[in-house]
Amino acid sequence: MSLLEQLNSDLKTAMKAKDKLRLTVIRSLKSALTNAQISAGQDLSSDEELSVLSSQLKQRKESLQEFENGDRADLADQTKAEIVIVTAYLPEQLDEAAVTAIVDEAMKATGATGKADFGKVMQYVMPKVKGRADGALVNQVVKSKLN
């Protein structure tokens with residue numbers, strides 16, 4: 001089942017259950033995927049769908065940070081619930097140990113030794129973790145390994 005089919009199925013379920021938050025989030029995800037599909041002018045590949053979902057998750061995490069900084073607990077709680085819903089559609093996320101192992105492999109493969117090789121390592125790592133790890137975590141691990 002494709003992601004859009006899954007979203008359509010879950011949308012119907014959320015409508016029947018009158019789950020307004022889930023309904024809103026699913027509609028938002030469907031809209032983002034549809035807009036990306038229109039921009040691409042073709043059906044999205046699974047990697048492109050993951051990229052769209054990852055960007056939606058990133059937007060919500062950034063919003064959560066802003067709401068917490070602004071002492072808006074009501075909006076922060078709602079955003080946390082939205083993050084849980086979006087995360088359910090993404091593949092299981094890699095933990096820091098798994099990302100570190102991939103970075104170590106990348107450093108061996110590229111021969112990276114210092115800060116100047118940051119771009120090479122990131123270029124090797126990001127396709128391998130796309131949609132499965134937060135870019136900020138990858139960035140942090142690569143920087144710590146290259147220092």
Side-chain angles (χ1 to χ4, degrees), residues 1-107 109-110 115 118-147:
M1 180 181 293
S2 77
L3 183 59
L4 276 174
E5 291 170 351
Q6 179 68 40
L7 287 171
N8 283 328
S9 172
D10 292 348
L11 183 72
K12 291 176 190 173
T13 304
M15 283 180 179
K16 290 177 184 175
K18 296 184 178 19
D19 185 348
K20 289 184 179 183
L21 179 64
R22 184 171 293 278
L23 196 58
T24 303
V25 172
I26 292 172
R27 283 181 175 152
S28 170
L29 295 177
K30 278 188 60 175
S31 175
L33 286 167
T34 302
N35 288 339
Q37 189 172 354
I38 290 169
S39 294
Q42 62 187 16
D43 288 344
L44 299 177
S45 69
S46 60
D47 284 344
E48 291 168 327
E49 289 176 341
L50 280 179
S51 178
V52 171
L53 288 182
S54 294
S55 68
Q56 290 292 308
L57 182 64
K58 182 179 178 186
Q59 285 177 1
R60 283 171 171 80
K61 285 183 176 180
E62 290 171 353
S63 296
L64 176 62
Q65 187 66 38
E66 292 299 318
F67 293 146
E68 288 174 345
N69 290 343
D71 290 330
R72 292 295 309 266
D74 56 332
L75 294 174
D77 292 341
Q78 179 180 344
T79 305
K80 286 177 187 174
E82 289 178 8
I83 288 171
V84 169
I85 294 169
V86 174
T87 304
Y89 293 102
L90 289 169
E92 188 165 335
Q93 298 295 294
L94 298 173
D95 62 355
E96 189 169 349
V99 172
T100 302
I102 293 171
V103 170
D104 288 340
E105 173 190 326
M107 289 175 65
T110 61
K115 289 181 181 178
F118 179 81
K120 282 194 265 183
V121 174
M122 288 296 285
Q123 191 173 16
Y124 184 91
V125 171
M126 287 311 287
K128 291 183 179 262
V129 300
K130 188 171 188 122
R132 299 183 310 142
D134 184 31
L137 173 65
V138 175
N139 190 327
Q140 174 188 345
V141 170
V142 171
K143 282 182 180 176
S144 70
K145 289 286 187 178
L146 291 177
N147 284 338

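Nothing here was measured: the structure is a model prediction, and the numbers come from that model.
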Rounded distance [0.5 Å steps], CD in Gln37 versus NZ in Lys30: 11.0 Å
Closest contact, heavy atoms only, Leu53 versus Val86: O-CG1, 4.0 Å
Nearest-0.5 Å distance that lies between atom CG in Asn69 and atom CD in Gln65: 4.5 Å
Short side-chain to backbone donor-acceptor contact, Ser9 and Glu5, under 3.5 Å: no
Derivation and outcome, side-chain contact (heavy atoms from CB on, under 4.5 Å), residues Arg60 and Gln56: CA-CA 6 Å; Arg60 283 171 171 80; Gln56 290 292 308; 3.1 Å; yes
Backbone N/O of Lys20 and side chain of Thr24: donor-acceptor pair under 3.5 Å: yes
Nearest atoms (heavy-atom pairs only) where Ala133 meets Val138: CB-CG2, 4.1 Å
Thr100 side chain reached by Lys145 side chain, heavy atoms, under 4.5 Å: yes
Over all atoms of both residues, closest heavy-atom pair of Leu21 and Ala81: CD2-CB, 3.3 Å
Partners meeting salt bridge (Lys or Arg N to Asp or Glu O under 4.0 Å) with Asp77 (sequence neighbours left out): none
pair Ser46-Leu3: side-chain heavy atoms closer than 4.5 Å: no
Donor-acceptor under 3.5 Å (Ser51 side chain, Asp47 main chain): no
Gap separating the CD1 atom of Ile83 from the CG atom of Leu90, nearest 0.5 angstrom: 11.5 Å
Closest contact, heavy atoms only, Leu146 versus Phe118: CD1-CA, 3.5 Å
Nearest atoms (heavy-atom pairs only) where Leu7 meets Ile26: O-CG2, 3.5 Å
Reported CD-to-CD distance for the pair Glu62 and Glu66, which is rounded to 0.5 angstrom: 8.5 Å
Steps toward side-chain contact (heavy atoms from CB on, under 4.5 Å) verdict (Leu137, Val129): CA-CA 11 Å; Leu137 173 65; Val129 300; over 6 Å; no
Rounded distance (nearest 0.5 Å) linking atom CD of Glu68 with atom OG1 of Thr79: 9.0 Å
Closest approach of Lys80 to Leu64 (non-hydrogen atoms, all atoms of both residues): CG-CD1, 3.7 Å
More than 12 heavy atoms from other groups under 6.0 Å of CD on Gln123: no
Option passing side chain to side chain contact (heavy atoms under 4.5 Å, CB included) with Tyr124 (candidates Met122, Lys128, Lys120): Lys128
Interatomic spacing from CD1 in Ile85 to CG in Asp10 - rounded to 0.5 Å: 10.0 Å
